[in-house]
Amino acid sequence: MSASDRGRWLAPLLVCHYCGLAQVQRALPAPGIVLCARCGAVLRRVVPGSVTRAVHLYLAALVLFVTANLHPFLAFGLEGRGQVVVLASGIARLWRDGMPLLAGIVSGASLLFPAAKMLATLWALGPLLLGLRLPGQVLALRLADELRAWAMLDVFLLAVIVAWVKLADLATLEPGPGLWTFLGALLLATAADATLDRHDVWERFGPQTTLARIDPSGGRPVGCRACGQVTVLGPRRRWARCPRCGGPVRRPDPGAIGRAWALLSAAMAFYLPANLLPVVTVTSLGRAEPSTILGGVALLLQLHMYPVAAVVFTASVLVPIFKFLALGLLLATAQRGLSLRRRERTLIYRAVEFVGRWSMVDVFVVALLVALVDMGALATIEAGAGITAFAATVILTMLASASFDPRLIWQNRPTSGRQGHSAELASR
Ligand SMILES: [Zn+2]
Ligand SMILES: [Zn+2]
């Protein structure tokens, strides 16, 4: 056996999360990214020293996030009267106004999930720096990964900017220490997330399988969705427990298409009331004016606030419609096992995954507006049923895209030399 053959057998075997192709990672660029040879998705991001950096950044982000929650976030002044709000004020106001579902969604996405993600990551990675093993580290790492889409501090910041611009003409706004520390927490957590080499982290809990360690006659190599470990599934086995993280390792399940259709239909059903019912009601000096999503955009245009109108229109109208059409197309083509434009369809799926959470911006804007404009007879903003329906649309679409298995796009492909064990190396 030549040296290059031996290297191939001993190199880590990676399976693409999007198309399911197994490939051998021979050369390790450091730092750099390894791309899938078939669909072009990122297989691995190689960042030396990322675990130590991530622990320090997350620790600092957590301290700043706790500080942000304990200090004034924004001060709002209108006609000589003023009030100060904290991060959780919107949640408290929604709860008081009898909207527990919306209060729950906002508190989860802007408070509980970000905090849980930081704590879980620290629990998983912190002991590694000290050479310790603590119970629940693997579970914490899986939880932190699951929470990535649902912890929405970045979307919340965009909402702060939108709410600020909306109110700036009518009232005075002052940032408090809570807002600055929130910004710091967001920047540090984003930097930690973007530079963490997850593959390196998982390898510390168990080495990645190599070609030499799997039995090619036993079946097809399938990747674990949570940790990326490769397990061989026999022709009759639909799933197995991942030997490294304990999560389920499944082959692509066409039954998932039905579930995704059901969730997508429910999301589309909620989109109608989300657009017809008022999202907020503004009461000023005894006059109540309900406003819908499109009504709000029209008002922003009248006030010549074009950039904010564009942000709101994109996040609340264009993005949901794009997601409905894109997911519908992906589900319909996967159902028929169509082989055309598989790479482009995978790209569409990745786009849907990426933009999904940003539609939440209008929900956070409403939470901020009801917290800030709470001045009794002078001026009050109340959340309407439309925004709950809209939040339901966003969450159901995110669940629909999460329940669709992108590997189904690549099913029924005629076997070629690039599939399975003879997969080629893709590295940059
Ligand atoms: Zn791929
Ligand atoms: Zn796993």
Side-chain angles (χ1 to χ4, degrees), residues 12-26 33-45 120-121 124-125 128 136-148 196-210 213-214 220-233 237-253 330 333-334 339-354 401-402 404-428:
L13 189 62
L14 306 176
V15 173
C16 177
H17 165 77
Y18 291 96
C19 72
L21 179 70
Q23 355 190 354
V24 173
Q25 185 200 323
R26 272 186 284 193
I33 50 172
V34 182
L35 298 179
C36 171
R38 185 159 72 178
C39 75
V42 175
L43 277 181
R44 185 181 171 188
R45 204 176 295 278
T121 311
L125 304 187
L128 294 178
Q137 268 179 288
V138 166
L139 213 62
L141 200 51
R142 274 176 56 193
L143 176 72
D145 247 11
E146 290 287 334
L147 287 174
R148 268 168 77 191
L196 183 61
D197 183 345
R198 287 180 171 76
H199 189 91
D200 175 33
V201 173
W202 278 114
E203 284 228 291
R204 293 166 189 238
F205 292 98
Q208 188 76 13
T209 295
T210 58
R213 284 167 62 188
I214 63 168
R220 188 180 160 187
V222 181
C224 169
R225 241 178 127 93
C227 77
Q229 183 60 294
V230 181
T231 307
V232 172
L233 279 186
R237 290 188 74 185
R238 291 179 63 185
W239 76 284
R241 204 160 280 288
C242 172
R244 183 159 65 187
C245 75
V249 183
R250 302 177 203 279
R251 51 174 74 247
D253 172 20
L330 292 172
T333 48
S339 61
L340 81 170
R341 305 237 171 246
R342 285 186 151 133
R343 206 180 152 102
E344 287 78 4
R345 275 151 62 204
T346 310
L347 213 61
I348 292 176
Y349 178 74
R350 284 164 58 198
V352 170
E353 235 188 358
F354 177 77
S401 80
F404 173 68
D405 188 338
R407 293 174 301 174
L408 289 168
I409 296 172
W410 297 84
Q411 287 274 320
N412 305 330
R413 188 185 158 93
T415 316
S416 76
R418 293 181 93 178
Q419 260 183 315
H421 307 290
S422 52
E424 280 179 25
L425 164 84
S427 62
R428 261 186 205 178

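When a ligand or atom number is given, it counts from 1 through the structure's own listing order.
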With a cut-off of 2.8 Å, how many protein N, O or S atoms neighbour the Zn ion (ligand 2)?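 For the Zn ion (ligand 2), the figure is 4.
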In terms of heavy-atom contacts, does CZ of R225 have more than 12 from other residues, nucleotides or ligands at under 6.0 Å?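 Yes, CZ of R225 has more than 12 neighbouring heavy atoms, counting only those of other groups under 6.0 Å.
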Has R350 got more than 12 heavy atoms of other residues, nucleotides or ligands less than 6.0 Å from its CZ?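 For R350, atom CZ is crowded (more than 12 foreign heavy atoms under 6.0 Å).
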Which atoms form the tightest heavy-atom contact between P243 and T231, and what is the distance?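 The pair with the smallest heavy-atom distance is CD-OG1, 3.6 Å.
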Non-neighbouring partners of D200 that pass side-chain hydrogen bond (donor to acceptor under 3.5 Å, both in side chains), sequence neighbours left out: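 In terms of side-chain hydrogen bond (donor to acceptor under 3.5 Å, both in side chains), with neighbours along the sequence ignored, D200 is linked to R204.
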Which residues pass the side-chain hydrogen bond (donor to acceptor under 3.5 Å, both in side chains) test with R251, not counting sequence neighbours?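 Residues passing side-chain hydrogen bond (donor to acceptor under 3.5 Å, both in side chains) with R251: none at all.
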May I ask you to list the protein N, O or S atoms found at less than 2.8 Å from the Zn ion (ligand 1)?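 The answer is C16 SG, C19 SG, C36 SG, C39 SG.
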For the atom pair OG1 (T210) and CD (Q208), what is the distance rounded to the nearest 0.5 Å?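 Between atom OG1 of T210 and atom CD of Q208 there are 9.5 Å.
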Between R345 and L340 (side chain of the first, backbone of the second, donor and acceptor by atom type, cut-off under 3.5 Å), is there such a pair?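 Yes: the side chain of R345 pairs with the backbone of L340.
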Determine the sole option in R38, R407, E353 for which the side-chain contact (heavy atoms from CB on, under 4.5 Å) test with Y18 is passed.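 Result for side-chain contact (heavy atoms from CB on, under 4.5 Å) with Y18: E353.
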Under a 4.0 Å N-O cut-off, is there an ion pair linking R198 with D145?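 Result for this pair is yes, salt bridge flagged.
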